[in-house]
Amino acid sequence: MHQVLNLNSAQRSAIKYLETPLLVIAGAGSGKTRVITEKIYYLIETAKILPNKIFAITFTNKAALEMRERLGKKLGPTVTTEMQVSTFHTLGFNILKHDPEAAGLRSGFTLLDDQDALNLIRSLTEAQASFNKMDKAEAEKIAAEISRFKNNLISPEQALKKQSQTNSPVSPVIIKFYERYTRQLKAFNAVDFDDLITLPVKLLKENIKIREYWQRQIDYLLIDEYQDTNESQYQLIKLLTEHKKAFTAVGDDDQSIYAWRGARPENIEHLKLDFPNLKIILLEQNYRSTRNILTAANYLIQHNPHLVQKKLYSELGDGEPIKIIHCPDENIEAERIVSDIIGHQFQNKTPLSNYAILYRGNHQAMLFEKQLQIHRLPYNLSGGMSLFSRSEIKDILGFIRLLGNPHDDAAFLRVINTPKREMGPISLEKLGLYAKERNLSLFSSFQEIGFQSQLGLKAQKTIEKVNLFLNLIKNTQRKINQNPNLLKNILEEYLEYLDYYAHLESLSEDPLVIKKRYENCLFLIQLVDELGKNSLKDSAGLCELLNRLLISQTQEKEVLDKEKNQDLGKITLSTLHASKGLEFPYVFLTGLEEGLLPHQNSIDSNTVEEERRLTYVGITRAQSNLTITLCTHRNKFGEKIKTTPSRFLNELPTEVLYVEGELSNNQTEQKKVNSQKLETLKQLFKK
DNA sequence: TCCTTTCGTATTTTT
DNA sequence: TACGAAAGGA
């Protein structure tokens, strides 16, 4: 029998417990990932469950990849490839792909990313005779409402019914949009990201055969970050496990920071009700942080109501007190933190990757960036735009999508006028109208004589240019069907044909940006080529390839990883949200001011508890040193405004705090202190 | 149709 | 302040 070493008793029992459904409440830094991977190992080695019957669900591709990596080290690559480690969305996609017709789709359906979805919603107003496109903010609101309906598994009809019965706060206009949007997706044979969960739920609910098929596939299910599940994801879990009831959910209610995106931490409570013999195990020993840091975290989170009482403890010693620094304003805050890092790094020869600066909103990052650039310190910025939402990538992706399915209207709209072919919104509206009347795709409509004569004589040039482009697509399709391996060449030729480099040059002045963007294009081509190497049979197969690319941006990760490994010497700049799951020896938690953390909107909408959890997440990122900063004044929309210290500061125990002298409230004085410090450092560096 | 100016508005983000 | 989107001119 396999021995599990170096684990505490709670971890061990979480790994070995198989009798009933299990919920593991895993505090920050309690070795959660370790427990999941060890459990999988245990399931295979001791419980003798076949690897391909073990499913593990995560929220992000990053987490899925990480888990795979860890398992690979332990179990070897062959076992790992058999295992089903995937995100919710990938699992949903696989379920849909297995039986597309039963889910009301045709095979080769298109996956719209949220930008496409947003554009689709915006285009719905145009057709509604009001000629002005709705503004972006409005569309985003509607998209969010639609998403909320979907996450709660409410169909347009149900929404309408509910609307008429109760005085629901959602306007009938939005439900109308929801209904039209759904119809439109169906017409395109397209799904959005939410559909990747909701359609499988519907399918499994209604179709016993398919439900039983999937239940048979899964002998044991593990769910990571359970507190982040929304209603539809929870239903999916329930449907997949209701037969065998063999699963482990791992989560932490105190780290639930995505309620605004539909996550329902109360699903922890639902699990108890739906599975009465649910076993709950708490992981409370923290292996990450010193005692002082954990004391602060425990005190803070105690101010939130709890269903399950949990108290993290550490055996790593008291460590340093938590430093609190008041700064006159945000510029000095940034200066101060950066100079502290420089000083500390110089004295201790610590790698820069040991430092993290955390903040509530992305706009705060700019100041830190500026300071780091001044001092030529390399940094890693969290978030940023995903490769797939970059415009240059969308241009190529749109072309590939059209090759896979010329009737993909969203893709058509994306590429038809980039670079400019004199096909502006007016002609496009005519085209859209023409297409709608005849129930044709934009691609087909444009080629009809009837439409081209509608455009009139002035548009001869436009027609010529667009036709040239449409013919290119048709010819390229033919080429791919003859030899799918030519894809790479074809795409490279396409860039040249477009004179895409020149196009990029017209968009930006910065030669570095232009180069980077062009490299992104080449990278994408490489990616598509590798992904399609052995699986691509014809142009229609491009659809699935692209869907996989959109759901799992995994390949991008590989490149990023290479970069990351090279830059062990980079400071991390991250939002609090993006910092979840990470850890750093030295953490700076910035901007603890009312209105910023907690954010003003959360104060207005009574969701300060989530902000407290966000702060809790921030504190528990720190391993040995935590510095909290706040400013007495902060520029807000161009105006300097006096701030109030965050209420969270009062919720920390004074005995673990070291508050730096209030005397430096004076701006000029603080500036002097900063520059003096830098001077001494410069002297030191010279030696 | 496209380029420039002006205006309005401001969390968090993954798939 | 700083960005993106609406509006107005060529």
Side-chain angles (χ1 to χ4, degrees), chain A residues 57-64 86-93 111-117 122 132-140 144 147 150-151 191-198 225 228-230 232-233 256-263 330-331 358-367 370 382-386 388-389 417 419-428 458-459 461-462 465 506 547-554 574-581 591 595-605 607 610-611 613-615 617-618 634-641:
Chain A
I57 308 180
T58 61
F59 270 85
T60 63
N61 288 302
K62 198 177 145 209
S86 68
T87 62
F88 267 104
H89 295 266
T90 306
L91 176 64
F93 177 74
L111 174 62
L112 300 187
D113 67 16
D114 30 328
Q115 199 133 81
D116 294 329
R122 291 181 81 174
N132 290 331
K133 221 175 180 183
M134 87 172 84
D135 63 25
K136 206 182 154 200
E138 176 87 18
E140 272 165 358
S147 181
K150 289 194 179 193
N151 287 334
V191 296
D192 63 19
F193 278 120
D194 293 328
D195 288 331
L196 290 177
I197 316 289
T198 57
E225 303 283 7
D228 288 341
T229 51
N230 61 34
S232 63
Q233 286 159 340
S256 162
I257 52 174
Y258 287 109
W260 54 274
R261 215 167 65 187
E330 71 271 24
N331 291 306
L358 308 181
Y359 39 82
R360 174 67 236 253
N362 280 315
H363 62 277
Q364 290 170 263
M366 277 180 23
L367 296 159
K370 204 172 111 195
S382 83
M385 229 198 298
S386 124
F388 291 85
S389 54
N417 206 28
K420 302 274 182 294
R421 291 189 187 85
E422 288 162 55
M423 187 76 190
I426 297 194
S427 315
L428 279 176
K458 273 183 288 179
K461 231 171 148 186
T462 308
K465 281 185 180 170
S506 75
N547 288 345
R548 294 234 172 251
L549 208 62
L550 276 184
I551 314 170
S552 62
Q553 315 193 346
T554 45
S574 172
T575 62
L576 286 163
H577 281 92
S579 76
K580 194 168 84 160
L596 189 60
L597 186 63
H599 194 275
Q600 188 56 47
N601 293 0
S602 80
I603 298 171
D604 298 341
S605 64
T607 51
E610 181 147 311
E611 301 284 305
R613 291 193 289 266
L614 199 53
T615 310
V617 166
R634 188 176 285 272
N635 274 315
K636 235 177 181 181
F637 314 139
E639 240 184 321
K640 201 160 207 179
I641 289 178

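None of these values were measured; they are calculated from a predicted model. In what follows, chains carry the letters A, B, and so on, assigned in the order in which the sequence lines appear, proteins first and then strands, with residues in each chain numbered from 1.
In terms of the side-chain contact (heavy atoms from CB on, under 4.5 Å) criterion, residue partners of A:A259 (sequence neighbours excluded) are, by chain and number, A:E610. Applying the salt bridge (charged side-chain N to carboxylate O under 4.0 Å, His left out) test to A:E225 and every residue at least two apart in sequence or in another chain returns A:K32, A:K580. Looking at residues two or more places apart in sequence or on another chain, you find a salt bridge (charged side-chain N to carboxylate O under 4.0 Å, His left out) between A:R548 and A:E544. The ring pair (Phe, Tyr, Trp, His ring centres under 6.0 Å) check on A:F88 picks up A:F59, with sequence neighbours excluded. In terms of the side-chain contact (heavy atoms from CB on, under 4.5 Å) criterion, residue partners of A:S605 (sequence neighbours excluded) are, by chain and number, A:T607.
Put simply, CG on A:N230 is 18 Å from P on B:dT13, counting in whole angstrom units. Rounded to a whole Å, the CD atom of A:Q364 is 15 Å from the C1' atom of C:dT1. Rounded to a whole Å, the CG atom of A:D195 is 12 Å from the C1' atom of B:dT15. With rounding to whole Å, A:D114 atom CG is found 9 Å from B:dT14 atom C1'. Atom CG of A:L549 is separated from atom P of B:dT15 by 13 Å (rounded to the nearest Å). Remark: P of B:dT12 and CG of A:L358 are 14 Å apart, rounded to the nearest angstrom. Computed from coordinates, the A:F88 CZ to B:dT15 C1' distance equals 12 Å when rounded to whole Å. Separating the CG atom of A:N635 from the P atom of C:dC3 is a distance of 15 Å, rounded to the nearest angstrom.
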message: The test is ring pair (Phe, Tyr, Trp, His ring centres under 6.0 Å); show your working for A:H577 and A:W260 and say whether it passes.
response: CA-CA 12 Å; A:H577 281 92; A:W260 54 274; 5.8 Å; yes
Could you go through nucleotides 8-11 of chain B and list every protein N or O atom that sits under 3.5 Å from one of its N or O atoms, giving the distance for each pair?
unit_1: B:dT11; atom_1: O4'; unit_2: A:H599; atom_2: NE2; d: 3.2
unit_1: B:dT11; atom_1: O2; unit_2: A:R360; atom_2: NH1; d: 2.8
unit_1: B:dT11; atom_1: O2; unit_2: A:R360; atom_2: NH2; d: 2.3

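Nucleic acid contact for A:D194: none, since no nucleic acid atom lies under 4.0 Å from a heavy atom of the residue.
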